[in-house]
Amino acid sequence: MQNGLSIQIKILASIITISLASLVCVTWQSASSEKDVVSRLVEQRVLDTARAYFDGLNTMMLTGAMGQSGVLRDKTLAHPGITDVRLIRGKAIADAHGAGAPGKAWLTTWIGAPWPARP
């Protein structure tokens, strides 16, 4: 027998190395895939909530019940994870009807960070 490692130990070391490399690759791929799925799910939830809010507002406009839009805003804010709901008035609407309630004003900061410039 020579001074080196036996064939059995070399084969076991190779199998263990390949197994560990496979485990790392599969774990990394799984984590990456889960991150993408969660991101898409959150994006879809935000879009669905925004669509539902604007559908409600459109219904209120058509029925003449815009005075009760605060109820819809409060209902939307009651959902977990929703921190703010704002219906920003455009320049033409603000000029014609005023700035509106505080929930219809443009934000200049958000959680202490500067907000993007108003278009």
Side-chain angles (χ1 to χ4, degrees):
M1 200 179 207
Q2 295 179 354
N3 236 353
L5 298 174
S6 70
I7 294 286
Q8 184 180 9
I9 292 176
K10 289 179 183 178
I11 290 173
L12 285 176
S14 297
I15 291 173
I16 290 172
T17 302
I18 291 171
S19 298
L20 287 176
S22 297
L23 179 65
V24 167
C25 290
V26 167
T27 302
W28 179 78
Q29 174 63 28
S30 177
S32 176
S33 176
E34 286 295 318
K35 184 178 174 184
D36 291 342
V37 167
V38 167
S39 178
R40 282 191 305 248
L41 183 66
V42 167
E43 182 179 349
Q44 188 61 43
R45 183 171 178 206
V46 168
L47 289 173
D48 289 344
T49 302
R51 284 185 188 119
Y53 182 70
F54 282 107
D55 283 346
L57 284 175
N58 286 335
T59 302
M60 287 182 168
M61 281 188 242
L62 292 173
T63 59
M66 278 303 287
Q68 297 176 0
S69 64
V71 174
L72 180 61
R73 184 176 191 274
D74 293 341
K75 245 179 120 171
T76 304
L77 283 171
H79 289 123
I82 306 277
T83 57
D84 197 8
V85 176
R86 293 192 173 261
L87 179 62
I88 308 298
R89 289 184 174 199
K91 183 171 176 19
I93 299 295
D95 290 345
H97 301 287
K104 296 179 181 173
W106 185 266
L107 289 177
T108 56
T109 60
W110 182 255
I111 311 175
W115 197 259
R118 184 177 182 173

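- Between M66 and L57, the shortest heavy-atom distance links the atoms SD-O, 3.8 Å.
- Interatomic distance, D84 CG to L77 CG, rounded to the nearest 0.5 Å: 6.5 Å.
- Shown here for L72 and M60, the closest heavy-atom pair between the two residues is CB-CE, 3.9 Å.
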Considering only distance and modelled atom types, tabulate donor-acceptor pairs under 3.5 Å from the side chains of residues 33-45, sequence neighbours left out.
from, atom 1, to, atom 2, distance (Å)
Q44, NE2, D48, OD1, 3.0
R45, NH2, P80, O, 3.2

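- Of all heavy-atom pairs spanning Y53 and T76, the tightest one is CD1-OG1, 3.3 Å.
- The distance from atom OG1 of T27 to atom CG of L23, rounded to the nearest 0.5 Å, is 4.5 Å.
- Under a 4.5 Å side-chain heavy-atom criterion applied to ILVMFWY residues, the cluster that includes L47 comprises that residue alone.
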Could you go through residues 11-20 and list every donor-acceptor pair under 3.5 Å that involves a side-chain atom there, pairing it with any protein atom two or more places apart or in another chain?
from, atom 1, to, atom 2, distance (Å)
S14, OG, K10, O, 3.0
T17, OG1, A13, O, 2.7
S19, OG, I15, O, 2.8

